There are 2 protein chains.
Amino acid sequence: MATKTVATEKRYRIGEFAAKTGLSGPTLRYYEKEGLVKPHRSDNGLRYYTDADTDWIKFLLHLKGTGMTIDQLKQYVAWRAEGDATITKRLQLLKNVRRGFLQEFEELQHSMTILSDKIDWYQGKVDGHISDNEGFANYLASLNHEE
Amino acid sequence: MATKTVATEKRYRIGEFAAKTGLSGPTLRYYEKEGLVKPHRSDNGLRYYTDADTDWIKFLLHLKGTGMTIDQLKQYVAWRAEGDATITKRLQLLKNVRRGFLQEFEELQHSMTILSDKIDWYQGKVDGHISDNEGFANYLASLNHEE
DNA sequence: ACATTAGTTAAAGCCAACTTTAACTAATTG
DNA sequence: CAATTAGTTAAAGTTGGCTTTAACTAATGT
């Protein structure tokens with residue numbers, strides 16, 4: 001029987017992986033300590049990460065981006081490690097995250113509108129087509145934005 | 001000459017004003033210490049706020065909501081206190097804030113998409129119309145979301 | 001008048017999410 | 001092979017934005 005050759009996946013050491021993910025080395029170690037990512041170790045004892053880890057980190061950062069805390073991510077990872085029995089729990093968690101995020105999103109949009117209105121008002125003053133005496137409250141009321 | 005009666009505006013003491021704005025008393029004092037709001041004092045020495053303060057706090061909270069830090073707000077307030085000479089500076093600051101916020105907003109939308117895709121994927125597994133073996137990466141690729 | 005509730009100050013404490021430090025070992029480059 | 005760069009650990013420090021504490025005074029309800 002001929003020698004079996006295993007297709008070895010690329011190994012990223014922590015520095016390279018940090019550059020790849022946009023995280024810092026210390027942050028990756030911190031995430032590892034928190035159980036959010038589990039790199040492998042080569043024979044010399046150094047960490048290495050794979051492309052699968054890249055995908056996971058990317059996804060994790062998106063979850064974080066939607067407002068999930070480290071603790072929530074920990075819970076998610078713990079459930080994931082338990083296997084398919086926890087799928088509905090994970091689904092429920094993500095749905096809750098989405099619900100909170102959507103609400104936050106609407107508030108952001110409203111703030112955005114107010115900010116833009118204020119910018120327009122300043123612009124109007126600078127360009128001279130809003131009277132010196134017209135206050136912002138007045139101006140806001142003249143637009144039709146619901147509070 | 002008859003006694004002059006001045007139409008006195010409503011005065012909110014800190015507790016009432018806190019309830020009105022959704023902030024806590026200590027937070028209002030903190031904002032005051034940072035120079036973000038400047039309540040008046042009645043003869044007895046207690047703070048009071050007016051409806052104009054309410055409008056300002058509302059606007060301030062929207063600015064904060066778009067990602068402005070306390071320090072940026074301080075700068076804004078300082079410029080505002082300097083009068084019309086700083087209008088272009090304020091306009092520029094708000095435009096910068098909007099630019100940063102818009103960028104952040106797009107990232108949020110992208111994270112939202114990924115989160116929703118993941119929820120759909122889990123839902124598919126739960127409902128049984130996504131095979132046990134189909135990974136999320138595969139599923140993602142099967143959708144047409146640009147990275 | 002007295003109890004309760006609200007307000008005052010300055011200073012210390014808290015929290016999440018990292019970041020920095022220290023003291024070391026491993027790997028790479030000229 | 002020496003110098004430089006990268007990685008290792010545990011522990012302490014940082015940051016922003018409040019919150020809590022302590023020790024007090026003022027206002028209000030019965």
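Lettering of chains follows the sequences in order, A, B, ..., and the numbering in each one begins at 1. Keep in mind that what you see is a predicted model, and the values were worked out from it rather than measured.
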### Query
Does T88(A) offer a backbone N or O that forms a donor-acceptor pair with the side chain of W79(A) under 3.5 Å?
no

### Message
What is the distance, to the nearest angstrom, from the CD1 atom on I14(B) to the P atom on dA27(D)?
### Response
15 Å

## Note on the structure
Side-chain contact check for R41(A): nearest option of dG7(C), dT28(C), dT9(D) is dT9(D)

### Query
In whole angstrom, what separates N44(B)'s CG from dT25(D)'s P?
15 Å

### Summary
Taking dT8(C), dT19(C), dT9(D) as options, the one with an atom nearest any side-chain atom of R29(B) is dT8(C)

#### Entry: Closest-nucleotide ordering on DNA chain C, the 5'-leading residue of G45(B) and L23(A)
G45(B)

#### Entry: Gap between atoms CZ and P, on R11(A) and dG7(D) respectively (whole Å)
15 Å

### Message
Does K64(B) reach a base, just sugar-phosphate, or nothing at all? Heavy atoms under 4.0 Å.
### Response
sugar-phosphate

### Query
Between T69(A) and dA17(C), is there a side-chain N or O to OP1/OP2 distance below 4.0 Å?
no

### Query
Could you give the NE2-to-P distance, from H40(A) to dT8(D), as a whole number of Å?
14 Å

### Task
Round to a whole Å and report the spacing from OH of Y30(B) to P of dT15(D).
14 Å

### Query
Below 6.0 angstrom between ring centroids: does that apply to F105(B) and F105(A)?
yes

### Message
Counting only side-chain nitrogens and oxygens, does R47(A) get under 4.0 Å of the OP1 or OP2 atom of dG7(D)?
### Response
no

### Message
Within a 6.0 Å radius of atom CD on Q109(A), are there more than 12 heavy atoms belonging to other residues, nucleotides or ligands?
### Response
yes

### Message
With a 4.0 Å cutoff (strictly under), does any side-chain N or O of T27(A) reach OP1 or OP2 of dT19(C)?
### Response
yes

### Summary
Of I70(B) and L46(B), the one whose closest nucleotide on DNA chain D sits nearer the 5' end is I70(B)

### Message
Please classify the nucleic acid contact of Y31(B) as base, sugar-phosphate, or nothing, using heavy-atom distances under 4.0 Å.
### Response
sugar-phosphate

### Query
Atom NZ of K33(B) and atom C1' of dC18(D): how far apart are they, to the nearest Å?
10 Å

### Spacing between D43(A) atom CG and dA26(C) atom C1', to the nearest angstrom
14 Å

### Query
When the distance from OH of Y12(A) to P of dA6(D) is rounded to whole Å, what number comes out?
18 Å

#### Entry: Phosphate OP1/OP2 of dA6(C): any R13(B) side-chain N/O under 4.0 Å
no

### Message
Ring of Y12(B), cation from K10(B) - is the NZ or CZ under 6.0 Å from the centre and inside 45° of the axis?
### Response
yes

### Query
Do the numbers put K118(A) on top of the ring of Y122(A), so that NZ or CZ is under 6.0 Å from the six-membered ring centre and no more than 45° off the axis?
yes

